[in-house]
Amino acid sequence: MAVKESLPAPDELSDEQQEAVEHLLYRLADDEFVIAERYTEWQVRSPTLESDLALSNIAQDELGHARLWYDLLEDFGYTESELVWERDPGEWRHSTLVEQPFAEGDWADAIVRSYLYDQAEYIRLEALEESSYPRIRDRVPKIVQEEDYHREHAENWMSRLAEEKQGLERLQEAFDRLFPYALTLFAPTDEEVEDRIDDLGLRTEPLDVMREEWLDVVVPFFQDLGVNVDDAELPEQYDVHHSEFELPEHVGRDQSHTDAWFDLQEEFTHTYRKLDRHEANRIMKDPDEA
Amino acid sequence: MDSDVPYDPSDVPTDVDASPDDCDEPAATACAYTEYEYVDAPTTEELPATGADADGVERAVWDELYDIEDPEMPVSIVDLGLLYGVTVEDGHAEVDMTLTYSGCPAREMLMSEVEERVASVDGVDDVNLRLVWNPPWGLEMVTEQGKADLNDFGLSV
């Protein structure tokens with residue numbers, strides 16, 4: 001794909017360009033924020049001390065990455081309160097994979113989810129390395145640097161879980177439950193805007209191509225572990241040209257969400273509302289202001 | 001151009017200097033825009049910036065920065081390699097800095113300390129502190145002094 005010319009600074013974008021940049025940033029930021037919010041539920045509840053620290057640390061990474069992306073939405077004048085604490089939950093654009101509650105006490109759920117998510121995240125970061133929007137392009141290396149061990153963590157745990165029958169059954173259940181939602185990671189926010197994201201070169205791979213790449217990685221990995229993927233509604237032979245298949249009723253990207261999300265949003269904004277806050281506490285001016 | 005004005009072929013300037021200008025190469029693109037302030041690119045080519053050649057007010061700023069320690073380890077933030085560039089012009093200081101980690105919980109604390117300390121330097125009237133992420137910080141940014149300090153602390157780097 002030809003290298004596209006860089007887009008101008010945030011305040012010089014046309015309305016259509018800005019809309020495309022915003023859709024892309026909401027996909028990225030909301031995913032990171034919400035998956036981190038879910039991961040923190042495992043704090044002091046993970047099966048071992050090491051895994052507790054590891055997952056907490058991964059949550060912290062993802063919050064850091066969410067902030068790097070929300071920062072770029074702040075370029076357009078939005079405040080942190082508007083973006084996170086006061087945004088209508090019906091306007092968020094994260095995939096419905098990340099908002100699902102964990103099956104109670106099921107560590108395999110956390111691991112499978114993290115595996116599906118982090119493999120997808122890696123592929124989409126690769127497609128942003130040559131983004132035509134300099135502010136996005138610049139932040140990718142830092143995030144990639146911090147992502148490698150997320151996948152390693154999930155893969156190691158999956159291999160361990162697959163060694164015993166009970167663990168393998170749990171992997172299977174988690175796969176069956178989460179896989180349809182994981183496919184929504186690659187769902188469009190809006191077909192026309194997503195096409196514009198590609199045409200502007202904001203991202204160098206379209207969604208369906210990234211989805212095929214992701215399937216090529218994750219499906220064989222599950223199969224090697226002994227997880228049966230036959231019931232998963234895979235696009236026919238991963239062929240981009242035959243890629244129609246059923247997504248869950250709520251895909252998130254288009255702002256449709258499962259009930260679990262509204263409960264989660266209610267919970268993490270509880271204190272903010274309880275204290276009658278109208279803005280996020282800041283002890284200093286944002287040093288990242290451009 | 002105002003399209004309401006009809007084109008008049010006789011209305012051409014006659015005093016144009018036709019000799020070549022002093023541009024060696026024509027610009028690659030006709031209308032470049034300045035993106036610098038929106039890109040997290042450091043202002044210094046050699047990283048980390050340590051202020052080795054700084055003098056005057058800039059020297060004083062670097063001395064102040066050297067005096068700030070990482071919140072978790074007894075090592076100067078300069079030797080840790082967090083500084084990506086410092087300039088002072090007419091009392092206005094520009095500081096480019098990164099953090100080891102995007103989710104750094106000490107972000108606000110460290111940034112406000114840097115802002116305050118730099119602003120306290122004689123000859124500095126205001127400070128613009130910019131957080132940059134590219135290139136990402138790594139152990140290779142730690143200076144020899146920083147490695148020695150971390151070793152003394154019990155960390156092998």
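A note on names: the letters A, B, ... follow the listed sequences, proteins ahead of strands, and every chain is numbered from 1. What you see below is based on every heavy atom in this structure, not just the backbone, and it leaves out hydrogens, waters and symmetry mates. Treat the numbers as computed from the prediction; the structure is a model and nothing was measured.
Between I143(A) and W133(B) there is no side-chain heavy-atom pair separated by less than 4.5 Å. Side-chain contact between S102(B) and E146(A) is present, with heavy atoms from C-beta onward closer than 4.5 Å.
A 6.0 Å sphere centred on CG of D15(A) holds no more than 12 heavy atoms belonging to other residues, nucleotides or ligands. Residue D126(B) qualifies as enclosed at atom CG: its count of foreign heavy atoms under 6.0 Å is above 12. Annotation for E72(B): atom CD does not count as buried by contact number, only 12 or fewer foreign heavy atoms lying within 6.0 Å. No more than 12 heavy atoms of other residues, nucleotides or ligands lie within 6.0 Å of CD in E46(B), so this atom counts as exposed by the packing criterion.
Residue L63(A) does not touch chain B at all, counting heavy-atom pairs closer than 4.5 Å. Interface remark: Q60(A) contributes backbone and side-chain atoms alike to the contact with chain B (heavy atom separation under 4.5 Å).
Chain B is approached within less than 4.5 Å, heavy atom to heavy atom, by no residue from residues 33-48 of chain A.
With sequence neighbours left out, W62(B) forms a ring pair (Phe, Tyr, Trp, His ring centres under 6.0 Å) with no residue at all.
The shortest non-hydrogen separation linking L99(B) to K142(A) is O-NZ, 3.5 Å.
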